[in-house]
Every structure is written in C-alpha cells, then in structure tokens.
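Note that the structure is a prediction, hence the values are computed from the model and not measured. Position 1 is the first residue of the sequence, and the numbers go up from there.
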Amino acid sequence: MGNIPQAGSGLLADIKAGGHRLRLLVVETGYGVAANIYSFTESRWLFPPHYFSTLDIARQWSEWELRSYVKTIGKVPPRIKWISTKKGTPR
C-alpha cells in the first residue's frame, strides 16, 4: 500500500534544448494519469493531455514525445531529470 500515489501527485521535468525551454508534466487526475509537454518558448502546450493508467507509462510517453519534438527542431535530446510534484525530490 505504500506505493499507491495520492491523488494529484505526479512528476515534472524542466528541459532546455538550445533556445527552447520546455516542461514535462505527469500528474494524477480523476481521468487517469495525464501527461503534457509545455513550451515556455512558444507559450503553449505542445500536445493535448494524454491519459495513462500509471505514472511510469505516462513518464515514458512524455520522454519519447520530448525526444521526438527536440529532434524535429534540430537539437540534441537532453538528459531528463524528474522531480516529484509533492515532495520536490528527484525521481
């Protein structure tokens, strides 16, 4: 029971790729685990939210989409460091 996340818990990662600043956000909602990628550079969400059954699957989708997006803008995919949205600790 200790591994069951509380409602609203999740992960985030801030990414810099060239001149682009992005945020990956994976958070539990009433619909499931939502995964989004936000571009601070373009002031918009790059994808509509996608919903998954677990935080891990949502995190993997976010990483894959980020790497694909970064390649399309001609940048090298960065290392991703996730932080818990509840405790502020790296994951």
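R23 is linked by a side-chain hydrogen bond (donor to acceptor under 3.5 Å, both in side chains) to D14, counting only residues two or more places apart in sequence or in another chain. Residues meeting the side chain to side chain contact (heavy atoms under 4.5 Å, CB included) test with K75, sequence neighbours left out: A17, V70, I73. The side chain to side chain contact (heavy atoms under 4.5 Å, CB included) test applied to E63 returns R59, R67, I80, W82, not counting sequence neighbours. In this view, T29 and V27, Y31, A34, Y51 satisfy the side chain to side chain contact (heavy atoms under 4.5 Å, CB included) rule, not counting sequence neighbours. Applying the ring pair (Phe, Tyr, Trp, His ring centres under 6.0 Å) rule to F52 yields the partners W61; only residues at least two apart in sequence or on another chain are considered.
Cluster note: W45 groups with L12, L25, Y38, F40 through ILVMFWY side-chain heavy atoms spaced under 4.5 Å, whether in direct contact or through intervening members.
The side-chain heavy atoms of I57 and V33, taken from C-beta on, include no pair separated by under 4.5 Å. The shortest distance between side-chain heavy atoms of I37 and Y69 does not fall below 4.5 Å.
Across G19 and T41, no two heavy atoms sit closer than the pair O-OG1, 3.5 Å. Minimum heavy-atom separation, V26 to S62: CG2-OG, 3.6 Å.
Atom OG1 of residue T54 and atom CD of residue Q60 lie 7.5 Å apart, to the nearest 0.5 angstrom. For the atom pair CD1 of I15 and NZ of K81, the computed distance is 11.0 Å after rounding to the nearest 0.5 Å. Between the OG atom in S84 and the CG atom in L55 there is a gap of 9.0 Å [rounded to 0.5 Å]. Annotation: the span from H20 atom NE2 to L66 atom CG amounts to 11.5 Å, rounded to 0.5 Å.
Screening residues 30-55 for salt bridge (Lys or Arg N to Asp or Glu O under 4.0 Å), with sequence neighbours left out, gives E42-R44.
The backbone N or O of S9 sits nowhere less than 3.5 Å from a side-chain atom of T85 that would complete a donor-acceptor pair.
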